[in-house]
Protein chains: 2
Amino acid sequence: MVEQRLDATFAALADPTRRGMLASLAKGEASVGELAAPYAMSLAGASKHLGVLERAGLVERRRVGRQHLCRLKAERLAEADRWLKQWERFWTASLDRLEVLLAEEKIT
Amino acid sequence: MVEQRLDATFAALADPTRRGMLASLAKGEASVGELAAPYAMSLAGASKHLGVLERAGLVERRRVGRQHLCRLKAERLAEADRWLKQWERFWTASLDRLEVLLAEEKIT
DNA sequence: TCGTTGTTCAACCATATGGTTGAATATGGC
DNA sequence: GCCATATTCAACCATATGGTTGAACAACGA
């Protein structure tokens, strides 16, 4: 279900290392070693983070020679974005004020 | 920093109970008891979830009589949304194809 | 075939998370 | 003042998470 996918997606995004790896992948495919390089962390640790991203469906890994190349998969990000859009009206300036008033005055 | 706020925001969103509570709050202010009602969970448990949402800045609590009323705060949701927008081009149909090709062909 | 490179696996550790229960606190009504 | 209501606090438990290390595996180069 979408609910469980959102659990995994948001959990995967709740870590700066993983968000950074996604940012790297936005520039194109990269190997595990390349993705791990910026972080003061063992390769095994970085590989685990990629595992989280992969299980959440945010990244695809394929083997090329002895490298494992990773590629961004955007569909789940789109799904998370659609979920967040539900609240767009709350942060849209003019409507935000209105919603606050609605909440306060209990006008339904 | 925005990075740490994103950690807290995405972590808070990575739980179906908390997302459900936010959905309830979209309809207006509600007490802890009201927010807890739909869930097969102790009140203390629900209160902890609200604590997570509050520390993440997604919810504001104020005391009214013996009730603690909660209200949605949308700014952090907007921040998360802006972050996700970075990848919009990857899931936009026509550009998605292009990006995949760019990644595969290593055209920079 | 042997060593090197790239990556994963397995075991382990510390801390965080999601939940419980029972007691404590604060407010309102009688 | 006393009892009921609304909520939090504190202690506890099981499991998940983020990290480590050392060994294993797979592929390339000589």
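Numbers restart at 1 for each chain; the letters A, B, ... are given by sequence-line order, proteins then strands.
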> Any idea how B:F10 and A:F10 line up, ring-wise: parallel (<30°), tilted (30 to 60°), or perpendicular (>60°)?
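B:F10 vs A:F10 ring planes: parallel.
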> Starting from the C-alpha separation in whole Å, work towards a yes-or-no answer on side-chain contact (heavy atoms from CB on, under 4.5 Å) for B:L58 and B:L25.
CA-CA 10 Å; B:L58 299 177; B:L25 288 172; over 6 Å; no
> Expressed in angstrom and rounded to an integer, what is the separation of B:K48 atom NZ from D:dC9 atom P?
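Going from NZ in B:K48 over to P in D:dC9 covers 11 Å.
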> Considering every strand and a 4.0 Å limit on heavy-atom distances, what is the contact class for B:G33: base, sugar-phosphate, or nothing?
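Contact class for B:G33: sugar-phosphate only.
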> Please list, one pair per line, the donor and acceptor atoms closer than 3.5 Å that link side chains of residues 42-53 of chain A to other protein atoms, with sequence neighbours excluded.
from  : atom 1 : to    : atom 2 : distance (Å)
A:S42 : OG     : A:G45 : N      : 3.0
A:H49 : ND1    : A:R18 : NH1    : 3.1

> Within this structure, what is the CG-to-C1' distance between A:L43 and D:dG22, rounded to whole angstrom?
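Answer to the nearest Å: 14 Å.
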> With B:R5, which residues qualify under salt bridge (charged side-chain N to carboxylate O under 4.0 Å, His left out), at least two apart?
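B:R5 satisfies salt bridge (charged side-chain N to carboxylate O under 4.0 Å, His left out) with B:E79 only.
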> Measure the distance from CZ on B:R55 to C1' on D:dC9 and round it to the nearest whole Å.
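It is 13 Å, rounded to the nearest whole Å.
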> Begin from the C-alpha positions of A:W91 and A:E88 and carry the test side-chain hydrogen bond (donor to acceptor under 3.5 Å, both in side chains) through to its verdict.
CA-CA 6 Å; A:W91 69 68; A:E88 199 165 24; 4.9 Å; no
> Applying side-chain contact (heavy atoms from CB on, under 4.5 Å) to B:W87 and A:D81, what does each step give before you reach the verdict?
CA-CA 10 Å; B:W87 281 274; A:D81 188 66; over 6 Å; no
> I'd like to know if A:K73 pairs up with A:E54 as an ion pair, taking the criterion as any Lys NZ or Arg NE/NH1/NH2 lying under 4.0 Å from an Asp or Glu carboxylate oxygen.
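Result for this pair is no, no salt bridge flagged.
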> B:H68 has an atom NE2; how far is it from atom P of D:dT5, in whole Å?
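Distance check: B:H68 NE2 to D:dT5 P gives 16 Å.
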> Output, in order, the C-alpha distance, side-chain angles, deciding distance and verdict of side-chain contact (heavy atoms from CB on, under 4.5 Å) for B:V59 and B:L22.
CA-CA 8 Å; B:V59 154; B:L22 289 180; 4.0 Å; yes
> When you measure from the side chain of A:E34 to the backbone of A:S31, do you find a donor-acceptor pair of N or O atoms at a distance under 3.5 Å?
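It does hold such a pair.
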> Can you sort out the partners of B:D7 under salt bridge (charged side-chain N to carboxylate O under 4.0 Å, His left out), two or more places apart, ordered by chain and number?
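Testing B:D7 for salt bridge (charged side-chain N to carboxylate O under 4.0 Å, His left out), a comparison that skips the adjacent residues, returns A:R19.
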> Which residues, if any, of residues 12-20 of chain A bring a heavy atom under 4.0 Å of DNA chain D?
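Within this stretch, A:D15, A:R18 sit under 4.0 Å of the strand.
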> Check nucleotides 26-30 of chain D against the protein and report each pair of N or O atoms closer than 3.5 Å, with its distance, or say if there are none.
none

> For A:L84 and B:L13, what are the C-alpha separation, side-chain angles and deciding distance, and is it a side-chain contact (heavy atoms from CB on, under 4.5 Å)?
CA-CA 10 Å; A:L84 274 175; B:L13 294 180; 4.1 Å; yes
> How would you give the extent of chain B contacts on DNA chain C, as first and last nucleotide 5' to 3' within a 4.0 Å heavy-atom cut-off?
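Under 4.0 Å from chain B, the extent on DNA chain C is C:dG18 to C:dG28.
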> Take the protein atom CG of B:L35 and the nucleotide atom P of D:dA6, then report the distance between them rounded to whole Å.
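Between P of D:dA6 and CG of B:L35: 14 Å.
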